[in-house]
Amino acid sequence: MHMPTDKIVPQSDLYSRESTTARTPDENPLPVRVKARDVSVFYGQKQALFDVSIDVPEKSVTAFIGPSGCGKSTFLRCLNRMNDTIEGCRVSGLIALDGSDIYDPSLDPVELRARVGMVFQKPNPFPKSIYENVAYGPRIHGLARSRSDMDAIVESSLQKAGLWSEVKDRLHEAGTGLSGGQQQRLCIARAIAVSPEVILMDEPCSALDPIATARIEELIDELRQNYTIVIVTHSMQQAARVSQRTAFFHLGNLVEEGPTDLIFTSPVEKRTQDYITGRYG
Amino acid sequence: MHMPTDKIVPQSDLYSRESTTARTPDENPLPVRVKARDVSVFYGQKQALFDVSIDVPEKSVTAFIGPSGCGKSTFLRCLNRMNDTIEGCRVSGLIALDGSDIYDPSLDPVELRARVGMVFQKPNPFPKSIYENVAYGPRIHGLARSRSDMDAIVESSLQKAGLWSEVKDRLHEAGTGLSGGQQQRLCIARAIAVSPEVILMDEPCSALDPIATARIEELIDELRQNYTIVIVTHSMQQAARVSQRTAFFHLGNLVEEGPTDLIFTSPVEKRTQDYITGRYG
Amino acid sequence: MAHSFTPPSEQALDGSAERLKRIRAGLGKRHARERRFRALGIAAIAAALGFVAILFSMILYQGLPAFTQANLEVDVHFDPAIVKVAARPVRDAQQSSAEYQRALLDWERKVTMVNWNRVLEQSIKAAAPDFEIDTKSALSIVETSERFRLRDMFVADPGLLGQTVKVKMLASANADNWLKGNIDRSLPDTQQQLSPSARMLSDRFMEDGQMRFAFAWHIFTNSDSRSAPASAGLAGAFIGSLYMMLVVIVLAVPIGVMSAVYLEEFAPKNKFTDFIEVNINNLAAVPSIVFGLLGAAVFINYFRLPLSAPLVGGLVLTLMTLPTIIIATRSALRAVPPSLRQAALGIGASKTQTVFHHVLPVTYPGILTATIIGVAQALGETAPLLLIGMNAFVAQIPGSPLEPSSALPVQIYLWQGNENRNFFEARTSAAIIVLLGLMLMLNAIAIFLRARLERRK
Amino acid sequence: MNTAIVASLLLLMLGFAYQLGWSRSRNMAVSGVKIHSRPAYHASLVAFWALLPALLVLGLWALFGDTATRTYILAQLPTEITSLTAADLEVTIRRIRQIESGFGVVGEAQTYENSAAQALREFRALTFAFVVATAAATGAVGLFLAQRRINPRLRARNEIERIVRVLLIGCSVVAILTTVGIVASLLAEAFRFFTFVSPIDFFFGTVWSPGFSSTGAGASGKYGLLPLLWGTLMVAAIAILVALPIGLMTAIYLTQYATPRVRGIVKPIIELLAGIPTIVYGFFALVTVGPFLAGIGSALGLDIRATSALTAGVVMGVMIIPFISSLSDDVIRQVPLAMRDGSLGLGATQSETIRRVVIPAALPGIVGAFLLAVSRAIGETMIVVLAAGNSPFLRLNPGEPVSTVTVTIVNQLTGDTDFASPQSLVAFALGLTLFVMTLILNVAALFIVRRYREQYD
Amino acid sequence: ASLGAASAQSRDTMQIAGSSTVLPFSSIVAEEFGQAFPEFKTPVVGSGGTGGGLRQFCAGVGDNTIDIANASRRMKAAEIESCNAAGVNDIREIQIGYDGIVFASNASKGEFALEPVHVFKAIAAQVAVDGKLVDNPYKSWNEIDASLPNQPISLAIPASNHGTREVFQEKVIADGAKAAGLPELSKEELEKVTTTFRQDVVIEIAGDYTETLSRLQSNADTIGVFGLSFYDQNRDTLKVATVSGVTPSLETVAAGEYPVSRPLYFYVKGEHIGTVPGINEFVEFYLSEQMAGLGGTLEAAGLIPAPAEETAAVLAAFQEGKALTVDAVK
Ligand SMILES: Nc1ncnc2c1ncn2[C@@H]1O[C@H](COP(=O)(O)OP(=O)(O)OP(=O)(O)O)[C@@H](O)[C@H]1O
Ligand SMILES: Nc1ncnc2c1ncn2[C@@H]1O[C@H](COP(=O)(O)OP(=O)(O)OP(=O)(O)O)[C@@H](O)[C@H]1O
Ligand SMILES: [Mg+2]
Ligand SMILES: [Mg+2]
Ligand SMILES: O=P([O-])([O-])[O-]
């Protein structure tokens with residue numbers, strides 16, 4: 001197994017390099033927000049991701065699909081450096097947000113995570129009130145000047161997450177007392193409250209019932225007006241329903257990436273084809 | 001919520017009652033081995049299964065599919081009374097194996113479980129040697145007269161589980177040292193060793209990689225020559241690949257049941273249709 | 001299209017029928033073994049519960065009688081013929097405060113010098129006018145400390161001179177033993193502690209109601225006493241224990257929680273943290289007596305902290321309690337779902353913020369319980385305290401953690417070794433009841449708080 | 001007094017620095033510049049940098065001030081005094097310090113002593129003023145430099161977090177310091193002991209008879225460890241024989257059979273046993289269990305003493321029951337449910353599942369619990385002090401009294417022995433032996449439990 | 001290394017530590033002293049045994065060292081030397097009275113009229129039979145002397161960590177050995193014979209007298225060695241033996257008739273007089289008629305008072321400021 005060097009491509013090459021992933025053609029390219037080149041990830045000695053290169057376009061939903069253990073979550077976590085918090089995890093290659101390397105030592109990962117928000121598989125509200133759940137991010141980042149400022153942020157975030165009408169009378173009750181779907185929307189509101197530029201979602205509906213799932217999917221569709229969204233899902237149906245672009249991972253490789261409709265109808269790669277038609281998984 | 005009475009249908013009615021589940025037509029009925037009528041299951045106050053009636057035919061694979069939490073595992077565990085070991089779980093209705101009620105107080109669940117074997121989602125070999133893992137069942141039931149008898153049972157079980165060639169030189173090494181797929185086959189061998197009549201499998205491949213999965217699927221196909229098999233899976237593809245009959249569960253109800261090819265191509269119920277085409281799940 | 005039930009074919013049954021027969025043959029024995037095993041489990045539990053029951057009932061049985069003690073109520077005449085002291089000094093104008101204090105102290109000394117035993121003796125004799133009794137025997141009925149009570153009464157109110165007041169006096173330990181039957185009543189005079197006349201008089205007082213058993217409140221308000229064993233109490237030891245607990249709480253909780261936080265949340269996995277971990281686990285099991293040796297060598301000999309001081313006891317117990325708190329806090333931290341940490345990190349909280357804003361608050365119930373249990377353990381510890389001089393005789397209630405004091409378990413140890421066995425055997429059990437009561441209370445508080453905190457989540 | 005002055009000064013500085021830092025960074029934030037860290041972090045950082053140098057200065061003085069003072073006193077003394085022997089010089093310095101502190105000395109103070117004391121008094125006042133001034137000055141410098149650093153890009157939060165982390169590490173190091181303290185204090189005194197008695201005689205001697213101090217036979221006493229070790233192991237073995245079956249079966253029944261209700265009632269009651277102070281067990285053994293066992297013994301025609309290895313062992317066993325039961329309870333419940341289901345699914349009865357699958361799977365954990373219980377039994381003191389009979393002989397009969405290492409430590413340190421003699425120093429050698437024994441047991445237990453844990457994660 | 005020095009600027013509670021035999025007496029005096037002298041705090045009386053007490057006493061002069069050490073034996077030259085080395089030069093010795101050591105059996109058992117030689121023959125590992133050393137053959141007391149009861153030999157003696165053991169050794173065993181008709185022995189041999197006891201009949205008690213008492217209760221045949229005051233408090237369960245025909249009592253011990261007794265002491269640190277308040281008063285109070293005198297409080301608690309003249313001499317020496325020197329104890 002070859003050992004990773006932290007930077008295998010000099011900075012200057014980043015924009016000159018094209019993503020080499022097999023891709024289905026794309027007619028109307030949107031501006032790129034996140035650019036990854038040759039990203040490899042190691043857990044201790046074990047390599048979980050192999051030279052992944054991808055461009056994530058602005059104000060759209062990009063879905064990562066693939067069989068279990070193929071590295072979807074791992075790659076997603078690279079995008080806001082949540083991998084830093086995992087013991088023994090090393091990342092090589094380059095990832096840039098708006099053109100600047102997010103693994104640059106001068107960049108504070110805490111600041112990065114305020115710009116790239118994250119929503120997790122299982123809804124994980126803090127064991128605090130609904131208000132405090134949403135207000136926490138703005139508070140630690142010093143985003144609100146005053147009490148009323150904060151109230152405004154909380155309200156607008158909850159509104160954007162489509163939760164306001166359901167909780168406005170009980171903002172000071174515990175966030176953990178909500179139903180699963182509401183909790184997940186609360187987590188989305190919490191992420192929105194720090195006005196991130198990108199929102200990462202790792203299987204956000206897998207713990208929810210079909211009705212709550214539908215509600216979240218609608219919400220994602222609305223959010224993409226304002227945010228760049230990356231979503232990991234194990235359900236091809238969901239990817240088809242919510243995303244504009246889809247990336248298919250397999251055994252740590254990004255096999256293919258392109259507009260969702262094309263990926264599902266005419267993939268370039270045989271493996272993608274097999275997966276989509278249920279040969280495995 | 002209505003409280004269950006343990007027997008809502010008198011014993012005499014069992015054979016006269018038809019399963020009322022919506023079902024796609026079946027042309028070549030096989031003899032029925034397990035018959036369930038109006039089975040409801042409660043976890044404490046919560047009802048997890050509602051009046052499930054089904055017939056499981058001999059020497060074939062019956063798959064239970066449905067979204068997460070719909071009660072597939074719960075129903076499977078009713079078939080060998082593994083639910084008895086769960087605190088606060090109550091079963092009502094009737095389940096018969098070869099025509100005799102398995103919930104009859106005179107029936108010993110220990111004996112029943114020797115006749116209805118079980119393989120679990122995560123391979124769970126005992127922390128003993130491979131040999132001891134397989135010999136465990138025959139030993140506690142006193143099935144082997146002699147040492148050589150036991151050796152024969154172990155060998156034939158491992159052979160049937162397609163593991164013999166891989167482990168015959170290290171029978172006395174720990175079973176936990178095998179790979180995931182091998183462990184699962186060891187668990188199958190362990191179940192076969194007591195020569196059960198029915199084998200229940202609860203998502204036996206969900207912890208395995210695609211190659212190991214394929215290996216187990218092959219094995220299931222072989223086993224159905226001799227055993228009646230019921231398998232729970234969350235993958236419709238898997239159900240399609242291995243089973244002859246499929247039962248679709250939703251929210252604790254058995255929605256529809258019938259020959260696999262028919263269920264997947266022309267289901268009777270709208271919910272089945274929706275699920276299969278990816279409207280939810 | 002219906003499935004009809006067809007029994008499996010005959011041939012198919014053959015093998016399996018044979019197999020079933022074998023299984024069935026073994027079932028009886030197997031179920032019998034199952035029942036035996038289960039009975040063993042029940043027996044074990046019964047044994048354990050039996051021990052609890054025996055222990056508690058024995059101690060209650062032995063200790064409860066000690067909570068009542070005989071009291072003698074008699075008329076005390078402050079006879080001017082015995083109490084011969086000048087009037088209490090009054091402060092005159094030119095006198096400085098210090099001079100006045102001096103004069104007052106002199107007067108008090110004179111009051112102390114009064115032969116109060118004579119007053120006691122007269123009162124006792126007056127209570128049974130027709131009874132012949134010698135001075136020594138008469139005085140042996142009441143506790144020797146009662147003479148200081150009369151003095152204190154007089155100092156507080158010199159107007160008592162010449163007056164007669166009813167005073168309830170504590171019977172002596174020997175009289176109490178006699179009246180309770182703690183000493184064999186049939187023994188000959190030579191083996192009795194009280195003289196025959198004193199015994200008869202005590203009985204007589206008991207009959208005519210001047211002597212009565214009453215609840216011994218002084219167990220809770222007095223310190224230990226050697227010269228007046230009947231008046232010995234637990235207050236000093238209790239306060240000493242309280243100070244030690246305070247020290248433990250103030251030091252062990254923050255240090256313990258902080259090191260747990262470091263080890264669980266921040267520390268990289270390396271040889272050094274591994275070493276700390278092994279070290280802490282080991283410390284949790286180091287015998288308490290070794291901590292006593294440490295305390296004697298480090299705090300007493302090296303740092304020259306005072307002997308018998310609750311502060312030193314508290315420090316030793318802190319070191320003992322630390323590992324308990326660290327281990328419990330760590331397991332509480334480990335139980336916090338990673339999703340909570342991810343949630344905070346995911347919106348840009350730093351590691352420190354994540355831990356202190358979200359993770360730690362969730363573990364409060366666990367930390368609290370661990371603290372209370374650790375403190376309760378420390379409260380009951382005896383052996384190390386013996387090595388740092390906490391087994392001193394202290395007649396005063398300590399005013400600060402630096403003043404000498406005893407501790408509850410040490411007091412129990414001292415009392416169980418007291419030479420007046422007849423009296424102190426019950427008294428020791430009484431002290432144990434108090435200590436156990438305290439323990440149970442602490443545990444109940446832990447359970448209660450835990451339940452409340454967890455409900456709030 | 002002085003401490004109060006210094007403390008309030010420090011507090012004042014802290015408050016001022018915080019306020020300064022806060023208002024400066026706040027102004028920046030209000031003026032619309034995007035600042036990296038929130039004002040509270042800047043403020044804390046300034047406060048920290050102001051406090052640290054001041055504390056350092058004070059700390060240095062606390063460390064070296066005494067030496068400096070001593071040097072100063074020496075400089076004040078006439079040469080004929082300074083040329084005295086070290087011991088006499090020490091006495092003189094002590095006297096001067098006492099005169100200075102107002103504690104006073106016995107006998108006439110010499111003129112040179114008085115003048116030295118006077119000089120010392122001035123020196124103290126001066127140095128105190130100087131130290132406080134230096135502390136304040138360095139604090140001010142720190143404050144000034146720190147507040148100058150405030151700018152929008154300063155990563156104040158990161159710095160504060162680094163400081164917090166250092167603090168956390170500091171707390172974790174306390175555990176190590178404790179171990180170091182234990183080892184150091186035991187080693188030093190144990191070495192002194194081994195200058196009197198050869199380690200071979202100590203570790204392999206079969207006679208424990210330390211002699212007594214005043215006849216001068218002290219050094220020729222016999223310090224054989226083996227009788228004590230034998231007693232220790234015998235008591236521990238009896239305790240384990242009582243506790244292991246009961247504790248293990250209790251844990252098995254409660255985890256595998258009991259309904260949550262029964263478990264909820266029985267478990268806390270059994271754990272009560274763990275909360276009872278050992279002195280209480282000791283007393284219980286002495287007054288209840290001992291006589292009871294002796295009674296049984298005489299009924300059976302066996303010679304069982306009231307205070308014996310058996311009495312202490314049985315009672316200690318009762319004490320250890322909850323220890324074994326809750327540790328085993330934990331490890332049994334850590335055995336994955338899948339393991340149990342696997343066995344039940346094959347048609348095993350519950351007891352077969354427990355005996356053949358659950359217990360073997362939990363065995364390493366149970367062995368770990370067992371080892372920890374052994375180490376606890378070995379280190380237990382008070383029960384043995386009261387109930388084992390203190391008889392340091394190699395005897396086979398458990399009905400006879402024995403002595404243990406822990407008890408001997410207490411006896412040798414609280415007895416009448418000469419303090420610099422091997423009689424009392426031996427306690428430290430014993431303590432060291434005990435520490436090493438329990439260390440080995442604990443590390444073995446840890447090792448086994450860890451290996452076990454790796455299997456299932 | 002002097003945290004304590006800074007914290008305890010001036011101490012106003014007298015601190016006493018030492019012998020567990022003297023502890024009850026000093027505790028009683030301390031308590032009464034606190035009552036009688038409201039201007040002083042009640043002294044604290046620590047335990048720790050004679051050796052432990054002297055160790056603290058000799059740690060030096062100053063706030064964090066004790067003022068008075070109780071001792072159930074006289075201070076030894078080595079201890080005085082180390083005291084002096086630490087700056088404690090003004091050691092004042094106070095002898096407070098005597099302690100009687102008695103043999104007592106379970107009250108239900110027969111009378112014992114012991115002689116030291118009986119005790120020696122009962123417990124020595126080797127005794128003389130026909131002028132030759134042999135292993136001790138005696139099983140019951142009446143085999144040693146027909147006047148003693150027919151009762152199995154069993155004796156609970158204080159272990160070597162107790163000062164009492166020393167007295168037992170010197171006043172009983174050494175005397176008994178002289179009368180036991182031993183053959184001519186070298187000094188070493190003699191020491192061996194007088195310090196080696198039979199394990200099967202001797203119970204060494206390292207704990208306190210309560211433990212001895214519980215031995216007697218569980219095995220009624222055992223004879224225990226007690227302090228006189230302990231025996232006195234438990235007369236209901238104990239029966240005392242005469243030694244050399246004398247019944248132990250306050251009178252016989254004070255008169256010097258009862259052989260097994262020892263003087264009790266405490267030592268005052270002269271350097272602390274005048275700095276820790278109340279030391280002079282305490283010593284005077286201790287030695288006063290109403291405390292240590294005949295018929296005084298301590299007598300009731302089991303101390304055997306010294307004759308009045310002796311006490312007066314001790315007090316006078318104290319007030320003169322006479323310090324104990326190494327020569328005095330040699
Ligand atoms: N913390 C970790 N330490 C070691 N290996 C890990 C860790 N996290 C993930 N892996 C491994 O990395 C590979 C990719 O994992 P990842 O979680 O990214 O897969 P995934 O595509 O998200 O799968 P799923 O659909 O199951 O969530 C897997 O083989 C997994 O076992
Ligand atoms: N031990 C239990 N106690 C209480 N409720 C339970 C228990 N086991 C299952 N349930 C509930 O019963 C319902 C059916 O669960 P079951 O495990 O049978 O679902 P499933 O179809 O197997 O789902 P999955 O695909 O996730 O395994 C669920 O709502 C579940 O929460
Ligand atoms: Mg994932
Ligand atoms: Mg399931
Ligand atoms: O404590 P002792 O009296 O035996 O020295």
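Of all the listed residues (Val266(D), Val443(D), Leu430(D), Leu439(D)), the one sharing the greatest number of non-hydrogen pairs under 4.5 Å with chain C is Leu439(D). Comparing Met58(C), Gln377(C), Arg38(C) by how many heavy-atom pairs each has under 4.5 Å with chain D, the most go to Arg38(C). Counting heavy-atom pairs closer than 4.5 Å to chain C, the top-ranked of the candidates Ser375(D), Ser351(D), Ala243(D) is Ser351(D). For the set Val287(D), Ile378(D), Leu372(D), Thr278(D), the count of heavy-atom pairs under 4.5 angstrom toward chain C peaks at Val287(D). For chain D, the option among Lys351(C), Gln353(C), His31(C) with the highest count of heavy-atom pairs below 4.5 Å is Gln353(C). Of the listed residues (Ala296(C), Gly295(C), Ser429(C)), the greatest number of heavy-atom pairs within a distance under 4.5 Å of chain D belongs to Ser429(C). Between chain D and the options Thr428(C), Leu263(C), Ile59(C), the largest number of non-hydrogen pairs under 4.5 Å is found for Thr428(C). Note on Ile23(C), Ile447(C), Ile45(C): by heavy-atom pairs under 4.5 Å with chain D, the leading option is Ile45(C). Your options are Ile276(C), Leu386(C), Val290(C), Leu283(C), and the one with the most heavy-atom pairs under 4.5 Å with chain D is Leu283(C). With chain C as the partner, the residue from Ala445(D), Gly379(D), Pro277(D), Pro322(D) showing the most heavy-atom pairs under 4.5 Å is Pro277(D). Contact count against chain C (heavy-atom pairs under 4.5 Å) is highest for Phe283(D) among Phe435(D), Tyr281(D), Phe283(D), Phe428(D).
Leu322(C) touches chain D through its side chain: at least one heavy atom from C-beta onward sits under 4.5 Å away, while N, CA, C and O do not. Neither the backbone nor the side chain of Thr273(C) comes within contact range of chain D; no heavy atom of the residue lies under 4.5 Å from a heavy atom of that chain. In this structure, chain D has no heavy atom under 4.5 Å from any part of Asn443(C). Heavy atoms of Ile169(D) lying under 4.5 Å from chain C belong to its backbone as well as its side chain. Of the two parts of Ala48(C), the backbone and the side chain both hold a non-hydrogen atom closer than 4.5 Å to a non-hydrogen atom of chain D. Contact of Leu435(C) with chain D is made through the side chain alone, with heavy-atom distances under 4.5 Å.
Between Glu425(C) and Arg421(C) there is a salt bridge, since a side-chain N of the basic residue sits under 4.0 Å from a carboxylate O of the acidic one. Using a cutoff of 4.0 Å between basic side-chain nitrogens and carboxylate oxygens, Glu161(D) and Arg165(D) are not scored as salt-bridged. Here Glu189(D) pairs with Arg192(D) in a salt bridge; the nearest charged N to carboxylate O distance falls below 4.0 Å.
For the pair Ile270(D)/Phe51(C), no side-chain contact is recorded, criterion being any heavy-atom separation below 4.5 Å from C-beta on. For the pair Leu385(C) and Met244(C), the minimum side-chain heavy-atom distance is below 4.5 Å. Looking at Leu446(D) and Glu277(C), their side chains never come closer than 4.5 Å, going by heavy atoms from C-beta outward. In this structure, the side chains of Leu440(C) and Phe56(C) come closer than 4.5 Å at one or more pairs of heavy atoms.
Atom CG of residue Leu387(C) and atom CD1 of residue Ile409(D) lie 8.0 Å apart, to the nearest 0.5 angstrom.
Using modelled atom types, one finds no donor on one side chain facing an acceptor on the other under 3.5 Å when comparing Asn411(D) with Thr408(D).
Taking the ring axis of Phe37(C) as reference, the NZ or CZ atom of Arg355(D) stays within 45° of it and closer than 6.0 Å to the ring centre.
Of all the heavy atoms in Tyr257(D) and Glu34(C), the pair that sits closest is OH-OE2, 2.8 Å.
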